[in-house]
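Pasting a structure below so you can have a look.
Order of listing sets the numbers, starting from 1, for every ligand and every atom in it. Computed from a predicted model, the values in this text were never measured in an experiment.
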Amino acid sequence: MKLLHLSDLHLGKKLNEFSLYEDQKYILQRIVQMICAKQPDCVLLAGDIYDKPVPPAEAVVLFDDFLNQLAELKVPVCIISGNHDSAERLAFGAQLMSGSGIHFAGSYNGEEQKLVLEDEFGRVNIFLLPFLKPAVVKHWAPEEAAAEITGYHDAVKYAVSQLQLAQDERNVLVAHQFV
Ligand SMILES: [Mn+2]
């Protein structure tokens, strides 16, 4: 199975007041062309879609346009939040978009979030782990497990331990963490 991994688009980023908008628009167009040429089975967007929790309007338009093009190409897309994103804002409309093959894991909610793909060798489980903070994971974990979570490492360890891995299938984890 062919997966295209992207991350850290940081749309809306400015370097010393210089907007990267034109460069980002250009590279997203090149990525769409590459997807047309290489025909991946899935596109992974592993966090930091935006540079800021409240991105500039032009960055939102840019990403919206990018997602529309991917949906038109009928390539499944998996998106997780990064530390720069607002998980809730990023996943606006997520339930509606999943019908178009665009899958978001914005906020951690204690539940496994995965997309199952299939090829001639069987199933590929793509687990989507949004950027998570220890306090959020503690909130969803049972009391005993929560008491053990004191930092990012413990939080991710706990969240990953909750995934139901199928040992006889291929399992892919999409994450964006400091661990
Ligand atoms: Mn980043």
Side-chain angles (χ1 to χ4, degrees), residues 2-35 38 40 42-71 75-94 97-98 101-110 112-115 126-140 149-160 162-163 171-179:
K2 200 190 287 180
L3 304 175
L4 175 65
H5 170 269
L6 301 165
S7 80
D8 295 270
L9 301 180
H10 285 264
L11 301 179
K13 189 175 177 68
K14 283 185 179 165
L15 285 176
N16 294 323
E17 298 305 305
F18 180 81
S19 170
L20 296 181
Y21 176 78
E22 290 300 332
D23 298 79
Q24 294 182 327
K25 189 176 176 182
Y26 170 80
I27 202 66
L28 290 181
Q29 211 44 57
R30 291 297 304 270
I31 289 168
V32 169
Q33 288 168 3
M34 192 175 80
I35 291 167
K38 303 277 185 186
C42 187
V43 173
L44 310 176
L45 283 170
D48 285 358
I49 306 305
Y50 297 115
D51 192 54
K52 297 258 160 47
V54 182
E58 63 178 16
V60 177
V61 172
L62 197 57
F63 189 53
D64 185 53
D65 191 44
F66 180 58
L67 286 186
N68 274 310
Q69 291 182 72
L70 297 185
V75 57
V77 182
C78 290
I79 303 165
I80 63 165
S81 57
N83 53 304
H84 282 249
D85 298 305
S86 158
E88 293 79 8
R89 290 192 184 91
L90 179 69
F92 169 82
M97 279 191 268
S98 68
I102 310 284
H103 306 278
F104 281 93
S107 312
Y108 180 76
N109 59 7
E112 183 176 285
Q113 303 183 62
K114 74 171 177 184
L115 177 71
I126 301 185
F127 294 90
L128 304 181
L129 193 67
F131 176 72
L132 45 85
K133 291 179 179 161
V136 175
V137 179
K138 280 169 89 84
H139 172 76
W140 293 101
I149 298 171
T150 58
Y152 280 89
H153 186 87
D154 303 325
V156 173
K157 192 174 177 184
Y158 173 77
V160 171
Q162 296 305 298
L163 304 176
N171 300 291
V172 176
L173 178 68
V174 185
H176 185 112
Q177 289 291 153
F178 303 101
V179 286

Identify the heavy atoms of F104 and L90 that sit nearest to each other, and give their distance.
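Heavy atoms of F104 and L90 come nearest at CE2-O, 3.3 Å.
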If every non-hydrogen atom of G106 is compared with every non-hydrogen atom of A87, which pair is closest and at what distance?
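Distance-wise, the nearest heavy atoms are O-CB, 3.0 Å.
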Tally of protein N, O or S atoms, where distance to the Mn ion (ligand 1) is under 2.8 Å
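Counting protein N, O and S atoms closer than 2.8 Å to the Mn ion (ligand 1) gives 3.
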Over 60° means perpendicular and under 30° means parallel, so tell me whether F63 and F66 are parallel, tilted or perpendicular.
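Ring orientation of F63 relative to F66: tilted.
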Look up atom NZ in K52 and atom CG in D85, then write down how far apart they are to the nearest 0.5 Å.
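It comes to 12.0 Å.
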Should the pair F131 and Y152 be assigned to parallel (<30°), tilted (30 to 60°) or perpendicular (>60°) ring geometry?
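Answer is tilted, since the angle falls between 30° and 60°.
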Is H153 atom NE2 crowded by more than 12 heavy atoms from other residues, nucleotides or ligands, each under 6.0 Å away?
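It does not: H153 NE2 has 12 such atoms or fewer within range.
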